[in-house]
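Worksheet: one structure, shown below.
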Amino acid sequence: MLFAPGLIKTRLSERSWKDPAVAKASAAEMPLLRLGEPADIASVVLFLASDLASYITGETIVVDGGGLVGPVSYAGKK
């Protein structure tokens, strides 16, 4: 199983969100209109580690707030 997180607000990605103006612009392009938080990843990891995911195999789990879909304008939100 592969795990594909999008932009998550961590120390590693600070350059992409630490400046409030950059963070606001980045979030505005996301279909969910926000950047990912570590808790968003933790929730998926918890699910995958549980019995609820016991029959999931060979999948790529994308946790990116819709970023893979494309900018908000492409997702029909603007």
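Note that the numbering runs from 1 along the sequence shown for the chain.
In the hydrophobic clustering of ILVMFWY residues, with side-chain heavy atoms under 4.5 Å counting as a link, Ile41 and Leu52 come out together.
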| task | Would you check, one step at a time, whether the test side chain to side chain contact (heavy atoms under 4.5 Å, CB included) holds for Ile56 with Phe47? | result | CA-CA 11 Å; Ile56 296 174; Phe47 165 71; 3.7 Å; yes
| task | Check the pair Val44 / Ile61 against side chain to side chain contact (heavy atoms under 4.5 Å, CB included), numbers first and verdict last. | result | CA-CA 9 Å; Val44 176; Ile61 309 295; 3.7 Å; yes
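By the side-chain contact (heavy atoms from CB on, under 4.5 Å) test, Val62 pairs with Ala4, Thr60, Asp64, Leu68, sequence neighbours left out. Residues passing the side-chain contact (heavy atoms from CB on, under 4.5 Å) test with Leu7, sequence neighbours excluded: Ser13, Ser16, Leu35. Remark: Thr57 engages no residue in a side-chain contact (heavy atoms from CB on, under 4.5 Å) (not counting sequence neighbours). Partners of Ser43 according to the side chain to side chain donor-acceptor pair (under 3.5 Å) rule, which considers only residues two or more places apart in sequence or in another chain, do not exist here. Residues passing the side-chain contact (heavy atoms from CB on, under 4.5 Å) test with Leu46, sequence neighbours excluded: none.
Here the closest non-hydrogen pair linking Pro31 and Gly67 is CD-N, 4.1 Å.
The OG atom of Ser26 sits 9.5 Å away from atom CG of Asp19, with the distance rounded to the nearest 0.5 Å. Annotation: the span from Glu29 atom CD to Lys24 atom NZ amounts to 13.0 Å, rounded to 0.5 Å.
Checked by atom type and distance alone, the side chain of Trp17 pairs as donor or acceptor with a backbone atom of Thr10 at under 3.5 Å.
Residue pairs meeting the salt bridge (charged side-chain N to carboxylate O under 4.0 Å, His left out) criterion with at least one member in residues 35-51, sequence neighbours excluded, are Lys9-Glu37, Arg34-Asp40.
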